[in-house]
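Structure, as structure tokens:
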Amino acid sequence: MIITIVANGAWKKGDYVSYEKHTKTAFVFLVIGWVLLGIFAFVVLGGFAYLFYSMVTSGF
């Protein structure tokens with residue numbers, strides 16, 4: 001978020017090289033965030049699936 005604000009400031013000043021650099025950095029962080037969110041969701045949903053499976057098979 002802060003990188004995007006800095007990039008917008010660079011755009012308004014006319015510093016297009018800095019704008020592109022900050023935009024690419026923000027995009028990399030966005031992709032990393034989505035990947036980590038996907039891994040986290042997979043682990044959490046996998047844990048719930050395992051818990052549900054163990055409850056069903058144990059006769060709970």
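Sequential numbering from 1 along the given sequence is applied to the chain's residues. The basis for the numbers below is simple: all heavy atoms, side chains too, and nothing from hydrogens, waters or symmetry mates.
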Residue among Ile39, Ile32, Leu37 satisfying side-chain contact (heavy atoms from CB on, under 4.5 Å) with Val35
Ile39

Leu45 CG: over 12 foreign heavy atoms closer than 6.0 Å
yes

Given the rule that I, L, V, M, F, W and Y join up when any side-chain heavy atoms are under 4.5 Å apart, are Leu36 and Val28 in one cluster?
yes

At their closest point, which heavy atom of Ala10 faces which heavy atom of Tyr19, and how far apart are they?
CB-N, 3.9 Å

Distance check, rounded to the nearest 0.5 Å: Ile3 atom CD1 versus Lys24 atom NZ?
14.5 Å

Following the transitive rule for hydrophobic clusters with a side-chain heavy-atom cut-off under 4.5 Å over Ile, Leu, Val, Met, Phe, Trp and Tyr, establish whether Val6 and Val17 coincide in one cluster.
no

Which pairs, with at least one residue in residues 2-15 and sequence neighbours excluded, count as a side-chain hydrogen bond (donor to acceptor under 3.5 Å, both in side chains)?
none

